[in-house]
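Just so it is clear: chains get the letters A, B, ... in the order the sequence lines come, proteins before strands, and each one is counted from 1. What you see is a predicted model; the values in this text were computed from it and never measured.
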There are 2 protein chains.
Amino acid sequence: MTRVVVADDQPVVLEGFTTILGATSDLEVVGTARDGVELVTLVAATRPDVALVDVRMPRLDGIAATARVRAAHPGTHVIVLTTFDLDEYVTRALEAGASGFLLKDVPAARLVEGVRLVAAGALLLGPRVARHLLADVDAAPRREVPGVDRLTPREREVLTVVAGGLSNAEVAAKLGIGEQTVKTHVSELLRKLARRDRAQLVVAAYEAGVVVPG
Amino acid sequence: MTRVVVADDQPVVLEGFTTILGATSDLEVVGTARDGVELVTLVAATRPDVALVDVRMPRLDGIAATARVRAAHPGTHVIVLTTFDLDEYVTRALEAGASGFLLKDVPAARLVEGVRLVAAGALLLGPRVARHLLADVDAAPRREVPGVDRLTPREREVLTVVAGGLSNAEVAAKLGIGEQTVKTHVSELLRKLARRDRAQLVVAAYEAGVVVPG
DNA sequence: AGGGTCCTCCCTCCTGCGGGGGAGGGTCCC
DNA sequence: GGGACCCTCCCCCGCAGGAGGGAGGACCCT
């Protein structure tokens, strides 16, 4: 059962969302709030899986409320509700820890699906927001690790898994190949990246940005 | 009715996804492909709403196939299928125009929900991918590593050096102590941080922010 | 049709690593 | 004085990890 709270200053919106979510067997609305302050208190009291939060609210707006909720209760994923798909809210909301956006006139089916996916930890964005975000990805800070560019796709994949701290046998199981094959890939990684053992391989992976901490 | 095609070189995957999607009333699998070239032809012929595409395929890989599909038919939204939700394919796939990622062992319900949302134009990312993309936006979210606060000063020091990829003998030389002593500290680190080997210790160090890449 | 790359898997050999013990000396504080 | 830590060092032992080979099949490009 996924537990949800809804925050909006418009009673009609509150009513609508509660009705839709309450009609779904695996979703449950455990509370509603009419402003940001109420929301923060409500989340602290009910510890919901998902919070639907309007951007525009009295006393404490949706962005600030999202930041407080995320800071105090990381287990609660926030979906920001907007009337229009305004880009300027998007970045700030994401920085505040929001997991997704929905328009207030979203079809019932999509609302339900979105809540479920966000509860599972997914990030849910509209198409325009996506492009906006991708611009930042290109600026990802990576250190030059000599040899990473000469890795084959499979080797890169193995590196990622090894960098998670898995043993050869575990890597083999995860990739569905033999342990001997993993050893071959690892040896090749050590040679190409000029490292000595898998611990140094983990270091190289973090330096190269193949994995990101956090 | 949402029309879907599936592309994967593994018949079992093809079969599984087709069965799941076919059992849903508003989804319809209108074709399958075993490699990228087949996929491009299939999309041109059927104009589906969503294409589920494996990253690893013969002849034309999933990334390249995605780029061609998106260029020729922007109305078709692509979901990339991966074994992991965080690997070197993610960024390239998004640049190629993919709308989302799903693990091959995704639960049926989430698969169906994901397909519907992507068909509607949403961007769908897993939790780890989301963090990856938000790495530059989000302000360095240091993960809580249980036990790191119970380390003695010397242990913390050893951890930092070990996280540099040094062997026990090298750590000993660097700290001016015996190798046996280093082993004792390392064993203690493994125990307190609940890790198995020094590779996992390196991971823990990066997660805890004891060392910082870049 | 052939050369090159990649992925896959097999073998032997040996070292470094980590588990599981024990033990002495140092400081600090009760 | 007697704990309670912390740092230091020692032994034995089993094993995963890595070196150094070889080999077959699939694919790609020319």
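For B:R56, whose side chain is taken as the heavy atoms from C-beta onward, the closest listed nucleotide among C:dC10, C:dT8, D:dC9 is C:dT8. Across D:dC7, C:dG19, C:dT8, the shortest atom-to-atom separation from the side chain of A:I177 is found for C:dT8. Comparing atom distances between the B:S167 side chain and each of C:dC7, D:dC11, C:dC17 picks out C:dC17 as nearest.
In this entry the distance linking CG of B:D61 with C1' of D:dC28 reads 13 Å, nearest Å. Per the geometry, CD belonging to B:E155 stands 11 Å off P belonging to D:dT8, to the nearest Å. Counting to the nearest Å, the C1' atom of C:dC17 and the CG atom of B:L201 are 12 Å from each other. Atom-to-atom, CZ of B:R195 to P of C:dG18 comes out at 14 Å; the value is rounded to the nearest Å. Across the protein-nucleic acid pair, B:E188 atom CD and C:dC17 atom P stand 18 Å apart, rounded to whole Å. Distance CG (B:L166) to C1' (C:dG16): 14 Å, rounded to an integer number of Å. The nearest whole Å value for the distance from the CG atom in B:L190 to the P atom in C:dG16 is 18 Å. Per the geometry, CZ belonging to B:R34 stands 15 Å off P belonging to D:dA26, to the nearest Å.
Atom CD of B:E15 has 12 or fewer neighbouring heavy atoms from other residues, nucleotides or ligands inside a 6.0 Å radius. With a 6.0 Å radius and a threshold of 12 heavy atoms from other residues, nucleotides or ligands, A:R68 has its CZ atom at or below the threshold.
Taking only side-chain nitrogens and oxygens, B:N168 never comes nearer than 4.0 Å to OP1 or OP2 of C:dG16. For A:R198 and D:dG18, the shortest distance from a side-chain N or O to OP1 or OP2 is below 4.0 Å. Applying the 4.0 Å criterion to OP1 and OP2 of D:dT8, one finds that B:H185 has a side-chain N or O inside that range. OP1 and OP2 of D:dC5 both lie 4.0 Å or more from every side-chain N or O belonging to B:T152. Within the 4.0 Å cut-off from OP1 or OP2 of C:dC7, not a single side-chain nitrogen or oxygen of A:T181 is found. Contact annotation: B:R154 reaches the phosphate of D:dT8 (side-chain N/O to OP1 or OP2, under 4.0 Å).
Salt bridge status for A:D197 with B:R198: absent, with no side-chain N to carboxylate O gap under 4.0 Å. A salt bridge between B:E188 and B:R154 is absent, with no side-chain N of the basic residue lying under 4.0 Å from a carboxylate O of the acidic one.
Toward the 5′ end of DNA chain D lies the nearest nucleotide of B:G178, the other residue of the pair B:K183 and B:G178 mapping further downstream. Across the interface with DNA chain C, nearest-nucleotide mapping of B:R196 and B:T184 shows B:R196 to be the residue nearer the 5′ end. The nearest heavy atom of DNA chain D to B:R150 and to B:D197 marks one nucleotide each, and the one closer to the 5' end goes with B:R150.
Between the side chain of B:E179 and the main chain of B:N168, no donor-acceptor pair closer than 3.5 Å is present.
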Report task. Please test A:L111 against A:L52 for side-chain contact (heavy atoms from CB on, under 4.5 Å), starting from the C-alpha separation and ending with a verdict. Result -> CA-CA 10 Å; A:L111 169 63; A:L52 294 167; 4.2 Å; yes
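Using a 4.0 Å heavy-atom criterion, one finds that B:S187 contacts the sugar-phosphate atoms exclusively.
Look at C:dG24: its Watson-Crick or wobble partner, with both distances under 3.5 angstrom, is D:dC7.
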